[in-house]
Amino acid sequence: MSDPIYITGQGLVSAYGMGNEAFATAYNGRVSAIRARTLFDAPACREERAAEVPDFDPAPLLGKRGLKSCDRSTQLLMAATELLLGRLGLADREARRARFTDEEFGIVVGTLGSIKSIADFDLETIRNPQYVTPTLFPNTVFCAAASYVAIRHGIKESCITLGNDEPSALSAFGFAMGRLRRRRARHIVVGATHELSEIYALGVQRACDRAGRPAPILGEGAAAFSVEPASVASERGAAPVAELLACSALFCPEKQRAYERNLEALRAQAGAGVLEGVAHVVSAEKSDLDDLGPIRGGARLHRLYPRLGYLSAAAGAFGVAAALADRTVEEGAVVLVNAASDRGNCASLLLRKLASA
Amino acid sequence: MKPEGTKRIAVTGVGVVSAIGLDRHEFWDALTRGASGISDVQRFATAAFGRSRGAEIRGFDVTRVFPGEPRLERLGRAKQMMLAATKECLGSAGAGVVDDPFRVGVAIGTTMGESQSLEAVTDAIGAGLEIPTDAVLDYPPSTIPQAVAERFRLYGPNYMVPNACAAGNFSIGQAVACIQAGEADAMVAGGADAFSRYAYSGFCRVGAIAPDVPRPFSKDRKGMVPGEGAAALLVEDWDRAVARGATIYAEIVGYGESCDAHHITQPHDAGVAQAIRRALEDARLEPRQISFVSVHGTGTPTNDATETRALRSVFGEHLPSVPVSAVKSMTGHPMGAASAIECVAAILSMHHQFLPPTVNFEEPDPECDVDCVPNRGRPFPVSYVLKTSSAFGGNNSSIVFKTAERRA
């Protein structure tokens, strides 16, 4: 009999603030985190609202050492992971080694990196090539955030970054599920991070202008989840908050067809009747629930966008976080979390909520 | 170790665009001759960097590869190269690869993605101009596997695995996992990177670029030379490949990953060795069964010494009898495309039973006491090849290929 894969904890840094409690309280209070933008002043970005992580200062949580050379997306992920591992009693490496060797502990992160870091570094290259700051160079690679977290926490099983637009985080869950089922790892931190910046916002504005539609309200944040087989969780007395049932991620220019194929794949993985039991559908995006029309049945819909803005590669992670935090999603409920990009990537994750996180 | 009954994995197609050849035939011919793809950088002025050499690809024109598709000219260079490599790969794979588009996926790695598009954006910002929309839309790394999927109608699992300079190996590992999990029957897997100004600048500042050429494992080595390129492998369920009568270029019998968790830019031998051990364990092989190692071999003092220590810790007394070749001595360092390009080289070396050389080798280094096939390639019986790769962040990935009976 197969060993179920559980989520046993989460750590969130969101536009609601630092921590799971801030998220759960505001989310259940149906609060919108969207406010006037403060991170940068860019008249060319006509949408002046954003869902920013308020007053983000990771130093009290992480200490100041080494933080200066990490960009915002890395700091967000480091903070989320610290919160996660702290709650689980696994932040201290020695304490963790009583449960897992470093070689059994992996990380997979969904992110598109920091366009700000890359652009800043390249601008410096244009202006003062002899004086670019070497310690900022690693931020130009997309796997920087995951790698810095792995170094901080001694995560040695593997360190993977996936960058598939909005479905990135859900792809990361699917990746972790496969890896744990193949017994390559005993515990995986699944994370996602997305930062707000002026150049990112300008890029989105230009793309939306080209497409003739208004720019979305942009959000940001990072999430980290503890994912492990039931047998491992049980050994260390960890209480599961969700069972991961199935995941599918693919590319298809026709979004509805993509969702249909994803659902077929979920059915094949989780059993024929499981989709009929879906009670809740969560989407972090603006529009993709419309494409789910014919297949969503009587499930209740949850949209994150009106509260947390457009979260890009972190979208799916906050979809999972919302399902776990939402008190109207009852324990035992089967939840479908979706994320899709306009360019054709599409992912669906099926989970059973076991407890509120 | 993979469980009994795990699906066997075949490589049934290969394609490559590199600084030493624009397809697999040119590439292999250049490898056997020990040709160099390194010359003075043309894409941007290098005077301020104190270094001037690069491995830029000359003569690549996407419209020649795809006549009648002028829209591809507007895509970023990484995508153009990846599309060309994929076309060759699928062309070499024979008929019947894509019967159900949802059963064939794409997994591609990169280090910098469409860096030249991002550079167009920063050029505009630096000049006080409006940022170019085309460049903005072209930039995200996800657009590389998307472009491949769209052009070739491959609607299965789709992954961008941007694990820096080991990304090609990581993407092949992910492709194997997708097939073994039953999510796809075949995957186009590989890597792509375009020649990047900010990568050049960054590597200069960390002192990693050689003044002339890379000299992997040579005592006087002074660094690597940045490059560009793309490579694609068609990774396929073995039984399906046999059923459709495909030419099987190689079998992927082992795969392993690790993370050093040590330093963001400095590799660590324990992590490199761990990925190798995992790949060998997955393949159920002893180190002495490996015929040949296609190494990461950048030519930086630190990398080559670290990699040698890792190999020594795994191979022990057998190491001197295992040839070790650094393809980057010829191709330069094509970043996220590197390990995929080197996988193509490894597969071709099995196909031709010939080892590509490590060129520019001058003087043995006691810290790098390996048989690096110095300067001249040689015929050699190759059964199993180990392909190692390492990256920023301490991300390591190793693959073991087995020579397959040719079924053409």
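Below, all heavy atoms of this structure are taken into account, side chains as well, without hydrogens, waters or symmetry copies. Numbers restart at 1 for each chain; the letters A, B, ... are given by sequence-line order, proteins then strands.
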Does a salt bridge link [X] with [Y], judged by any charged N lying under 4.0 Å from a carboxylate O?
{"X": "A:Asp3", "Y": "A:Arg181", "value": "no"}
{"X": "A:Arg179", "Y": "A:Glu157", "value": "yes"}
{"X": "A:Lys116", "Y": "A:Asp71", "value": "no"}
{"X": "B:Asp185", "Y": "B:Lys7", "value": "no"}
{"X": "B:Glu257", "Y": "A:Arg184", "value": "no"}
{"X": "B:Asp123", "Y": "B:Arg197", "value": "yes"}

Ring-face cation of A:Arg96 near A:Phe105 (centre distance under 6.0 Å, axis angle within 45°): yes
Count the heavy-atom pairs under 4.5 Å between each of [options] and chain A, then report the option with the highest count.
{"options": "B:Phe102, B:Phe49, B:Tyr139, B:Tyr200", "result": "B:Phe102"}
{"options": "B:Ala199, B:Gly50, B:Cys204, B:Gly105", "result": "B:Ala199"}
{"options": "B:Val106, B:Thr6, B:Thr110, B:Asp100", "result": "B:Asp100"}
{"options": "B:Val206, B:Asp134, B:Leu154", "result": "B:Asp134"}
{"options": "B:Ala391, B:Ser397, B:Ser258", "result": "B:Ser258"}

Backbone of A:Gly178 reached by a side-chain donor or acceptor of A:Arg182 within 3.5 Å: yes
What option among [options] has the most heavy-atom pairs under 4.5 Å with chain B?
{"options": "A:Thr133, A:Asn164, A:Ile118, A:Val141", "value": "A:Asn164"}
{"options": "A:Pro138, A:Ala150, A:Ser168", "value": "A:Pro138"}
{"options": "A:Leu112, A:Thr140, A:Ile199", "value": "A:Thr140"}

What part of [X] is in contact with chain A, defined as an atom under 4.5 angstrom from a non-hydrogen atom: side chain, backbone, both or neither?
{"X": "B:Arg153", "result": "neither"}
{"X": "B:Asp260", "result": "backbone"}
{"X": "B:Val161", "result": "both"}
{"X": "B:Glu150", "result": "both"}
{"X": "B:Ala181", "result": "neither"}
{"X": "B:Tyr159", "result": "both"}
{"X": "B:Thr265", "result": "side chain"}
{"X": "B:Thr143", "result": "side chain"}
{"X": "B:Asn396", "result": "neither"}

Segment of [X] engaging chain B (4.5 angstrom heavy-atom cut-off):
{"X": "A:Arg152", "result": "neither"}
{"X": "A:Ala265", "result": "neither"}
{"X": "A:Leu162", "result": "both"}
{"X": "A:Ser341", "result": "side chain"}
{"X": "A:Glu103", "result": "both"}
{"X": "A:Phe175", "result": "side chain"}
{"X": "A:Arg127", "result": "side chain"}

Minimum heavy-atom distance A:Ala246-A:Ala270, with the two atoms named: CB-CB, 4.0 Å
Shortest non-hydrogen separation from A:Ile115 to A:Ser197 and the atoms involved: CG2-OG, 4.2 Å
Output field: ring centroids B:Phe203/B:Phe392 closer than 6.0 Å: yes
Pair B:Phe195 + B:Phe44: ring centers closer than 6.0 Å: yes
Identified side-chain contact (heavy atoms from CB on, under 4.5 Å) partner of B:Glu119 from the options B:Met112, B:Glu114, B:Arg43: B:Arg43
No-hydrogen, no-angle side-chain donor-acceptor test under 3.5 Å, B:Thr302 and B:Thr300: no
